[in-house]
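Proteins get letters first, then strands, A, B, ... in listed order; numbering begins at 1 in each. All of these numbers come straight from a predicted model, not from anything done at the bench.
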Amino acid sequence: MITVDPVIIALLAIVAVPFVGAIIMGLDRRLTARMQGRVGPPLLQPIYDVLKLLRKEPIVVNRVQVVYACLHLAFMILCVVLLALGQDMLMVLFVLAFSTIALILGGMSVRSPYSRIGSQREIMQMLSYEPILILMMVGIYLINGSFMARDILVSGKPLLLSLPLLFPAFLLVMTIKLQKSPFDFATSHHGHQEIVKGITLEYSGPFLAILEIAHWYETFLLFFIATMFWATSIPVGLLIAAVCFFGVILLDNIVARLTWPWMLRFMWTAGLGLAATNILWLYI
Amino acid sequence: MQMYIILPLLLIFGPLLFGVLVMLAPGWRFKTPLIVLSALVMIAGAVLLALQGSFALSIDARIMKALPLIELLIIAAIIYIGFRIKKWLVIGLGALQLAIGLASEMLPHAAHEHVSALNVDLLSMIMVLIISVIGSLITVYAIGYMKKHEAHGPEQMRSTGLFFLFLIGFLGMMNGLVLSNDLKLLAIFWEATTLCSFMLIGHDRTTAAGESAYRALWINTLGGAALMLASLLGAAGGGPESLDGLVAGGALLPLALICLAAFTKSAQLPFQSWLLGAMVAPTPVSALLHSSTMVKAGVYLIIRLAPGLGDTRLGQVVAITGAFTFALASAMAVSQSNGKKVLAYSTIANLGLIITCAAIHTPLAYAAAILLTCFHAISKALLFLCMGTIEQSIGSRDIEAMEGLMRKMPVTTVIAIIGMVSMMLPPFGMLIGKWMALEAVIMSPLVLFLLIMGSALTVVFWSKWIGRIQTVAYHPSYKVEDVPFSMFAAKGILLSGVVVATVTVVPFFKRIIGPMAVAAFSGVEVAPRSWDLMKSVDSFIEWPLFAMLGFVVLVLLLTIKGINKSHVREPFLCGENLEGARTTFEFRSLMDKGESARIRSYYLNPLFGEAHLTAWANPVAMALIFVMFGVIGK
Amino acid sequence: MSCREKSPWIVHFNCNSCNGCDIEFLACLTPIYDVERFGIVHVGNPKHADILVVSGAVNHRNARVLKNVYEQMPSPKAVVALGACGATGGIMADCYNVLGGVEKVIPVDVLVPGCPPRPEAIMDGILQAAKLLNVRREDRPIEAEVRLTLQPVGEPENV
């Protein structure tokens, strides 16, 4: 195997990943539009949006929120870096959690009722998906005997065959993390909702751009994890990611937004149930 | 050679001496320097002891002969207190202890060849450092706190001098506890800490304080009785009467009894009520009980006995009990709006985590347990000290009442936020410990599941709290609040401790804790997989974490300066903002009246309410303890 | 074409309108007109918006709110006033509580006439406003362009 300096890999990941994420987001918007019988924006629309936002006036409610926006992005990047370096998957999840918490705290640091409600809902989202993600890593460990990302990628068996129930659970997690219906109550990609824009409401201009870029990284990360379900063959892995992508967007377009108590109940029964059942048979 | 004997004695009896001096000293003018001096002496002593290296110390046989007498004295004190507060439970438990003590005297002792009474090894050194450094800082903090408390506290409370006697003396007893190897000696220190905590919790002499002190007394006396019984059983079987011996001996019943004692002291379910009640005490007491002393005695014992627990069913049940406490206490913390109670539940939860780690029987988990003990002590002490300052300043413990605290006391708030963040997020030590714990328990599905749920819940209550206190409008500059220097200094030192511990966590693990775990498990059989996990943690690259944090700080320094008043807008309230209402959620409502939006946090009471969770969690925990004894025979 | 023109995000404020303009405006978002083709997104709040679309005449009560919403937008920003009411107060102009057109309170960049204007006209107005985002506020023509006159009522062309 060719060994490349980890610093170079990390830098490459930092630079390349957001573009991939942006393209995925662009595809998302286009596919959504097609499903609704519309033409939709150009593929590169997310990039235009961010470039525009970066050049807008940096207005704030207080300085604290800026701190959290930067932390959110930085730790999201760190997730990708750790992944690129083939580091421990559990640690990647924890760093991802840090990133999300930074977003939550940023939303709570301003005196906006909408933003605060959004943050609270985001906490509930974390509460419902975090155990499933960790269980997923446990499942991967039980198959591969290692938590390291690099070992997952070189293992000989496709994970999907051993983790068939964790896959739908992960799909639900993905729907939550990508802020799609029926779980898009903390914030939403669509303009209007009952708490306006929820957690990201008080960010504008370049700071909103920071959150958008972080979302690109996050999107990439999630789809990357999806491909890991069939890491032995890259085309099949990509196919799986594509299926996830289509499924999530389809779900987004055909279901209504539901409430967080419903989500908590659903994820702790159905989601966690699926994940735990899958894990259980791996133990036995 | 001399140092060998002097240092442990200094650390055990020095605090007592200083405590008496502080009690006798008239006025703060003399008390303050004495307290500071005692803190310095203890810190110096602990550091010197750590530099000294491991050694064992045996005590002259004549002194050892006097031990039963001291034990008798302490039991008499417990029974006397029982009569004074007219509680039959305490008297009964005291009598039980007396019976056990007498029985063990009657028994013919097997002729032991020279068991060392005090054992100074790496684990005790770490514990002594935690107790002496963090505990001493808390006593320093208490100077400022008690000055205020004297002025505003309830009238009938005991004298401040007495308070400091027990506060400082407590540290000595704790040092004794973690240093002693002889079970008799251990039991004496154990009971002494129980008595100290009884006096400290009851300091205010209000009804609530009396209740809580009583509860702390009987629960811990129960634990003490279990500990004495363990020692009796050990002796009766002609077996060892020292911790070393128990670890090597492999008799399970004494171990189970000691685990029970540890559960009471560490306030594990179903014994959590005494620690929750202990919040009524002045904050330095809570800080001491929760962080460096008392509750740490329990987990220390389990860590000490961990290699002895072995890969037995007993160990597994202990691990499950700890994990159960971790998950349930975290869930209960979610439903609390009382800040001190959240801290208390978080302590209980983390102790459960430590116990799980110690009992799961892999070197990695063992290392995680020690790491968690250290980091929890620092962070929790810091948080309690902040909490005390906040409470004295705003007159409330309610998290909802802490809205906008950032404006009133920016420094304390920032320190508190860092403290809370250090409890749950990377790259802080607690999270590193939790991460290692999760990896280490991978082969026990039930424990793993409980830990996963517990960690998810932990994040919920901390982030809610942080969110509440940091809400703030734009301020060009902050006025630093007025806090007594002693309180400020203690918090400052602890904060830098948190930061230093965070930066050095990986080297600390690789140099000290890792080899410790390897040494502890060297003669013991463990699953080969657990060594692989150890390697995987060893090969973790931590630099990107810090590089990223440093980068963020740099970026922020550049950005924040550029933000000024002209960039500030009011929050979006559908355009109905009230002019000049910068500090509240006020908006213009019907008839142009100003109205305030109240956004309470989610407490999920129907799901995680304390009352109904406790109602079934306590019986389950009780059942687990019975199971713990039941599996011994198998 | 700069990125500003490619991604004009709009916030819509109903300033006491009869809802005629609002219905036509919302029609722009439907699959038939689909403003997202141009990167136009209808965001719900001024903090994210570039263009403020106002319908209706300003009255004494909502003038303050309109001003607040405008001020909470980060610059560069532009304002599009819809319909006759937005331009002058229209049929409501003489009401006792009406101040008049939107420009009585905030600077307007594009007026879209009509009662109500057709979705095509509204889209055109928004895109013209998007071009103005590149121009500094001081250099912008006041009451930029009144290009369209009242449309005859009838079926829209086959789209």
Side chain, backbone, both or neither: which part of [X] has a heavy atom under 4.5 Å from chain B?
{"X": "A/L135", "answer": "both"}
{"X": "A/M91", "answer": "both"}
{"X": "A/L105", "answer": "both"}
{"X": "A/F94", "answer": "both"}
{"X": "A/Q120", "answer": "both"}
{"X": "A/V64", "answer": "side chain"}
{"X": "A/L73", "answer": "neither"}
{"X": "A/M124", "answer": "side chain"}

Any side-chain donor near an acceptor of the partner, B/T471 and A/R116, under 3.5 Å:
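Yes, A/R116 and B/T471 have a side-chain donor paired with an acceptor closer than 3.5 Å.
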
Is there a side-chain contact (heavy atoms from CB on, under 4.5 Å) between A/L78 and B/F551 once you walk through the steps?
CA-CA 11 Å; A/L78 186 60; B/F551 179 69; over 6 Å; no

Return the option, out of A/S204, A/P58, A/A10, A/A97, with the maximum number of heavy-atom pairs under 4.5 Å with chain B.
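Of the options given, most contacts go to A/P58.
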
What residue in B/I432, B/V421, B/L448 has the most heavy-atom pairs under 4.5 Å with chain A?
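That would be B/L448.
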
Best-contacting candidate, B/C574, B/G467, B/P445, B/S601, against chain A by heavy atom pairs under 4.5 angstrom
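The candidate making the most pairs under 4.5 Å is B/P445.
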
Please say which of A/P113, A/S119, A/S115 ends up in a side chain to side chain contact (heavy atoms under 4.5 Å, CB included) with B/I599.
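So the option named by the test is A/P113.
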
B/M424 side, atom CE; A/F98 side, atom CZ - distance, nearest 0.5 Å:
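These two atoms lie 8.0 Å from each other.
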
How are the rings of A/W268 and B/F608 set to each other: parallel, tilted or perpendicular (split at 30° and 60°)?
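A/W268 and B/F608: tilted rings.
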
Please lay out, stage by stage, how A/D88 and B/W435 fare under the test side-chain contact (heavy atoms from CB on, under 4.5 Å).
CA-CA 10 Å; A/D88 192 292; B/W435 167 56; 3.2 Å; yes

Given side chains that start at C-beta, do those of B/I466 and A/M108 come closer than 4.5 Å, heavy atoms only?
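When only atoms from C-beta onward are counted, A/M108 and B/I466 do not touch, as no gap falls below 4.5 Å.
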
Evaluate the criterion side-chain contact (heavy atoms from CB on, under 4.5 Å) for residue pair B/I563 and A/F207; output intermediate values, then yes/no.
CA-CA 12 Å; B/I563 296 171; A/F207 307 120; 4.1 Å; yes

